[in-house]
Amino acid sequence: MAAIQINNVEKSYRALKALDGVSLTIEEGEFYGLLGPNGAGKTTLISIIAGLNRADAGSVQVHGHDVVTDYRQARMRLGVVPQELVFDPFFTVRETLRLQSGYFGLKNNDAWIDEVMHNLDLTNKADANMRALSGGMKRRVLVAQALVHKPPVIVLDEPTAGVDVELRQTLWKFISRLNREGHTIVLTTHYLEEAQALCNRVAMLKGGRVVALDETAALIRRISGSQLVVKLASGALPDELKPLVSHPEELIGGDKYTLRVNEYTDVEPILAKLRQSGAVIEDMQLQQADLEDVFIQIMEGEK
Ligand SMILES: Nc1ncnc2c1ncn2[C@@H]1O[C@H](COP(=O)(O)OP(=O)(O)OP(=O)(O)O)[C@@H](O)[C@H]1O
Ligand SMILES: [Mg+2]
């Protein structure tokens with residue numbers, strides 16, 4: 001059974017189609033990236049998964065439980081870290097987490113609350129009022145709130161927006177541990193290097209549609225190869241290498257060239273040809289395509 005099954009979900013706000021027939025299957029145990037530019041429909045989709053928003057058409061199940069007709073069962077299995085910071089300012093951190101436990105019918109949840117606070121570096125703020133916390137601290141509490149009922153499926157909507165390096169590392173360590181222990185993670189972020197490092201699979205949304213979906217590594221391999229940048233101290237680029245140059249303006253009187261390579265094994269013959277032609281390399285760099293390159297390429301193709 002899928003952790004989250006999304007079937008043909010549509011959602012419009014007046015004339016605007018925020019979701020235009022989205023279908024995704026997120027398997028149990030995945031670390032899944034949901035990426036896309038501002039306004040792509042990510043938060044709309046997440047709020048439908050969380051049962052906070054109704055789809056116009058289609059359906060969503062969490063561990064087989066429909067988020068509308070079987071809301072309570074679906075909600076029990078789901079922890080959502082929302083994009084927007086919303087709190088009751090008069091409660092302390094610990095009270096907020098106890099209250100949230102109460103919503104899920106959990107009494108005596110303090111041992112887990114303490115563990116979550118410890119892992120998110122919140123312990124010394126346990127008795128601080130929510131209104132007295134900085135933005136990054138509030139976001140830690142949002143994450144903690146989503147985890148109080150140990151949900152098997154955790155959805156994080158831009159959890160690291162406006163968050164310092166230390167918390168990011170703390171957060172990813174904890175979330176990765178939960179993933180290793182079997183929790184399914186769905187992550188939305190604009191930090192593509194985070195998505196690349198963490199997610200085994202990525203879906204890209206644009207204009208309410210899925211425009212790319214694959215394993216992260218396959219996406220990077222499929223869309224674009226690497227580039228070998230060579231700077232020559234003397235000599236010229238041999239004619240047979242000229243078709244590999246990805247920026248043609250470099251052929252006019254330059255000494256630095258960017259050559260397309262598909263695999264590491266392409267590099268050796270290029271170097272051999274340069275050597276045979278008598279060219280001397282002053283500097284050289286192999287630039288690996290990354291998820292950001294792929295993202296830009298796909299989004300441009302979708303214009
Ligand atoms: N309550 C609403 N009323 C009207 N339009 C809305 C509402 N909520 C979202 N939208 C619109 O739906 C589209 C998708 O918004 P959504 O918040 O899902 O995007 P997103 O992918 O989460 O973007 P971001 O990266 O900026 O968070 C946007 O064009 C947005 O303006
Ligand atoms: Mg959003």
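Each ligand, and each atom within it, is numbered from 1 in the order the structure gives.
For atom 3 (N) of ligand 1, the closest non-hydrogen atom on the protein side is Tyr13 CD2, 3.4 Å. For atom 26 (O) of ligand 1, the closest heavy atom belonging to the protein is Asn38 ND2, 2.8 Å. Shortest contact from atom 29 (O) of ligand 1 to any protein heavy atom: Leu16 CD2, 3.5 Å. Taking atom 23 (O) of ligand 1 as the reference point, the nearest protein heavy-atom neighbour is Gly39 N, 2.8 Å. The nearest protein atom to atom 16 (P) of ligand 1, hydrogens excluded, is given as Thr44 OG1, 3.6 Å; this is a heavy-atom distance. Atom 27 (O) of ligand 1 has as its closest protein heavy atom Gln83 NE2, 2.9 Å.
Here Thr188 has no heavy atoms under 4.0 Å from ligand 1, in either its backbone or its side chain.
With Lys11 as the partner, the side chain to side chain donor-acceptor pair (under 3.5 Å) test is satisfied by one option alone out of Thr44, Asp20, Asn53: Asn53.
In this structure, Gly36 does not count as a contact residue of ligand 1, since none of its heavy atoms falls inside 4.0 Å of the ligand. The closest approach between any non-hydrogen atom of Glu158 and ligand 1 is below 4.0 Å. At least one heavy atom of His190 sits closer than 4.0 Å to an atom of ligand 1.
At a threshold of 4.0 Å, the pair Asp114-Arg94 counts as salt-bridged, since one of the basic side-chain nitrogens sits closer than that to a carboxylate oxygen. A salt bridge links Lys17 to Glu10: one of the charged nitrogens lies within less than 4.0 Å of a carboxylate oxygen. Salt bridge annotation for Arg201-Glu215: absent, with no cationic side-chain nitrogen under 4.0 angstrom from a carboxylate oxygen.
With a cut-off of 2.8 Å, the Mg ion (ligand 2) has an N, O or S atom of Thr43 in range. For the Mg ion (ligand 2), the N/O/S atoms of Gln83 include one lying under 2.8 Å.
Listed here is the closest heavy atom pair of Val67 and Ile48: CG2-O, 3.6 Å. Looking at every heavy atom in both residues, Ala289 comes nearest to Asp293 through CA-OD2, 3.3 Å.
Other residues, nucleotides and ligands contribute only 12 or fewer heavy atoms inside 6.0 Å of the CD atom of Glu166. No more than 12 heavy-atom neighbours from other residues, nucleotides or ligands sit within 6.0 angstrom of NE2 on His118.
In this structure, atom 31 (O) of ligand 1 has no protein heavy-atom contact shorter than 4.0 Å.
Counting atoms of ligand 1 from 1 in the listed order, those under 4.0 Å from a heavy atom of Thr43 are 17 (O), 18 (O), 20 (P), 22 (O), 27 (O).
Judged by the 6.0 Å and 45° rule, Arg98 forms no cation-pi pair with Phe91.
Polar contact with ligand 1: present for Ala40 (N/O pair, distance under 3.5 Å).
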Please lay out, stage by stage, how Ser226 and Gln287 fare under the test side-chain hydrogen bond (donor to acceptor under 3.5 Å, both in side chains).
CA-CA 6 Å; Ser226 310; Gln287 294 174 346; over 6 Å; no
